[in-house]
Amino acid sequence: MDYTVFWFILITVLFTGFFFLEGFDYGVGTLTPWLSEREDERSQLLRTIGPVWDGNEVWMITAGGALFAAFPHVYATMFSTFYLALFLMLIALILRGVAFEMRVHTVTDARKRLWDGAICFGSAVPAFLWGVAVTDLIAGLPIGENMVYRGGFFDLLTPVSIVGGLAFLFVFAYHGAAFLTLRLHDTGLILRCQSLGLRMATFGTFAFVAWGILLYQASDLFHSPWATMLFVLAALFFVMSGLSFSIAKGKAAFMLSSLAVVFTTVSLFAGLFPRLMVSSLNPAWSLTITNAASTPYTLSIMSVAAVILVPIVLIYQGWCWYIFRHRVKPDDVKH
Amino acid sequence: MDALLLSRWQFAVTTLYHFLFVPLTLGLSIWVALLETCSVRTERPAWRDTCRQLVRFFGTLFLINFAMGVVTGIVQEFHFGMNWSEYARFMGDIFGAPLALEALTAFFLESTFLGIWMFGWDKLSPKLHCACIWLVALGSNLSAFWILVANSFMQHPVGYAIQDGRAEMQDFFALVTNHYVVGEYTHALTAGLTTTGVLILAISAWKYMHDKESRYAFTQTLKAGAIFLAVGVLGIMGSGHMHTQYLAQANPMKLASMEALWETENPAPFAIVADINQQARQNDFEITVPALFSFMVYNQPSGEIKGINAINAEWEKKYGGGDYRPDVCGLFWAFRAMVGSGGLMLLAALLTGFLAWTDRLRLFPLWLKILPFLLPLPFIANSSGWFVAEAGRQPWIVVGLQKTSAAVSPNLGGLEVGATLAGFTLVYLALIVIALYLACRHIKKTHVTHVVEGRNV
């Protein structure tokens, strides 16, 4: 297999891992202030992702680094194109990252609530913006022949990309709610996760279907049979997940929502292939795995590194999950 | 103002801010790991308990600092594409690899095991728990290695070829073993130890004076901290000296600018102070020690050192007409601020070590009162050190290959970059105030006791 194809697959894997893991992290962060007014309960909610959220965020960092290493032109065009959007996302991630730490050291409830608000903002904004970003990648942006973006900030926000952002926001929120029901011990809290989660599932279904319809008009995603099949399966899994969530809390719902997130991501990349960013001005100006790639030498070095390192990372992150496999009890958050 | 200048400011502000926290992450992770190792290995129950409290005490500071370092670090990774897309295109084949390897080998390691360490106190055996913090320390210090591999290429490109208008990697091994990396990495690593050493002494002195309950524990950390700092400062001086000697071949323009040596001389004098006139390309006034500069570079009182003007003439021949002189005045004084702070920190280490190990701390309360005020020193040294490193390669972004002015993203306007520069600056300012407030309150309120036979000593 060609190195560029291998790296396209690896980038897909990294983004899939990122959306699957950070998906429920963002969801938990977004929902926490809406699930409880009580500080001790909020601590339980956040404690479910406490040991892992930082490691999960590294999936995003690694996806960015891998783009830089394997497809530097995509990294350059994408990051400069999304300049203000990424600035917003960075501010959100900064506030979220410090808030997890600072809320522990803050004494008064009023200030803790501020940090919880920062976590909510810092989780919802990136979830939304990633939805906008991946939609823009496939729906196309005014990229010139020299790979430089010719539009402005508001060209990034089209109806289809905004709906895509909302779909990501609600799907992740639901994914987080399903995750919470598996990780909490307190029954009252689990019930609240379930009822709020169901609302998110409803919104998510509408947004996801609307996104699919708009994508059909605005992009060539569904010209690819693979992408179409995966996208439809993702929608089905999402609906099935919501249905099973309404009758039982538990594993099936989370497994299905995970599959929905994974299939959505893979569908988008399958639709993009062999492109990574679509130019709306001229199909020939799109960034592809051929015109945007690093040299075969660099790719071969990075391939060896990835093949060795990714399994090691998976092993110790798996060990981390094993250590914290027990449900979070109210006692766990008492200092 | 244009997008280029504002982007440079944004990079400077966010990088220097990020590097307030990085050295503490590098050094404090090792310090906390050492403390936890003490608590695991000691045979005395009272000392084990005190060590555990010290791990919690410094561990909390480490966590606050780590959070700040991580979130400001994400900005760094995004920057290269956001503001410097033409740099990313030109350099991506080389620069992306160490960045991706940093994430794969270091970021995953440190963040995953820090999560386990934070929440795993009662889920792991003490030894396994201690191993986790060592892995965090390993991850942090490994990440510094990869990013400095990337930076070293910008300072001194190796193992590449220019093809199709971009730099392409020819030899990964050459990139990693770039001699420039040795100097930068040892310097950064020891900067971590030094910064942490001063922090330990400053906090311990304050606790010694103001918190009687905790006096025993912080007498011990004054002893250990003095050694930690001495190792750091001696290492930083050694690596700095070695690296400066190496600059004579690797980047003579930077070397000459650090010392404001305009004309080639043999033997070259060392200027203690100078009134630098960048326009006239000379020093209007200077106090020099004859032959000292040559001695520092060649270990003997003779040897030619090229001057700024001579190198500029060479570079004009090689790269075309233009001004290749960096900000000589800034480099000259930043270098002196760095070295001066280093000297003061060595004195602090020796004096504190002497007083603590000979049990004379009680006799010199004035010194313990002064110590907390020395805390800015390592931060001054770190920031001015990075100024020397980065301003010293201007006008190049990659020395000899790409100019900074050619590297900026062409689609950005001054307004956009101005807005984000203001945004980052404001958020960063607010966060550091909060972080300092929480850290100070923690230092003030947390006691570390040493209970022997039911009595705190």
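Sequence lines set the chain letters: A, B, ... in the order given, protein chains first and strands last, and positions in each chain run from 1.
- Only the side chain of A:Ile91 comes within less than 4.5 Å of a heavy atom of chain B; its backbone N, CA, C and O stay farther away.
- Neither the backbone nor the side chain of A:Met78 comes within less than 4.5 Å of any heavy atom of chain B.
- Counting heavy-atom pairs closer than 4.5 Å to chain A, the top residue among B:Leu438, B:Leu99, B:Thr420 is B:Thr420.
- Proximity to chain A is limited to the side chain of B:Leu128, based on heavy atoms less than 4.5 angstrom apart.
- Side-chain contact between A:Leu309 and B:Leu101 is present, with heavy atoms from C-beta onward closer than 4.5 Å.
- Using cut-offs of 30° and 60° for the angle between ring planes, the B:Phe113 and A:Trp319 rings count as tilted.
- Of the atoms belonging to A:Met302, it is side-chain heavy atoms, and not backbone ones, that fall under 4.5 Å from chain B.
- Annotation: maximal heavy-atom pairing with chain A below 4.5 Å, among B:Met68, B:Met82, B:Met118, occurs at B:Met82.
- Between B:Phe78 and A:Phe87, the ring centre distance reaches or exceeds 6.0 Å.
- Below 30°, between 30° and 60°, or above 60°: for A:Phe68 and B:Phe95 the angle between ring planes is between 30° and 60°, a tilted geometry.
- Using a 4.5 Å cut-off between heavy atoms, A:Trp59 touches chain B through backbone and side chain atoms alike.
- Here A:Thr295 contributes atom OG1 and B:Gln163 contributes atom CD; the two are 8.5 Å apart, rounded to the nearest 0.5 Å.
- Between chain A and the residues B:Val71, B:Asp122, B:Asp93, B:Asn411, the largest count of heavy-atom pairs under 4.5 Å involves B:Asp93.
- Chain A forms the most heavy-atom pairs under 4.5 Å with one residue out of B:Thr105, B:Val427, B:Leu412, and that residue is B:Leu412.
- Counting heavy-atom pairs closer than 4.5 Å to chain A, the top-ranked of the candidates B:Phe66, B:Phe80, B:Phe90, B:Phe108 is B:Phe108.
- With a 4.5 angstrom heavy-atom cutoff, A:Leu84 touches chain B only via side-chain atoms.
- Neither the backbone nor the side chain of B:Asn65 comes within less than 4.5 Å of any heavy atom in chain A.
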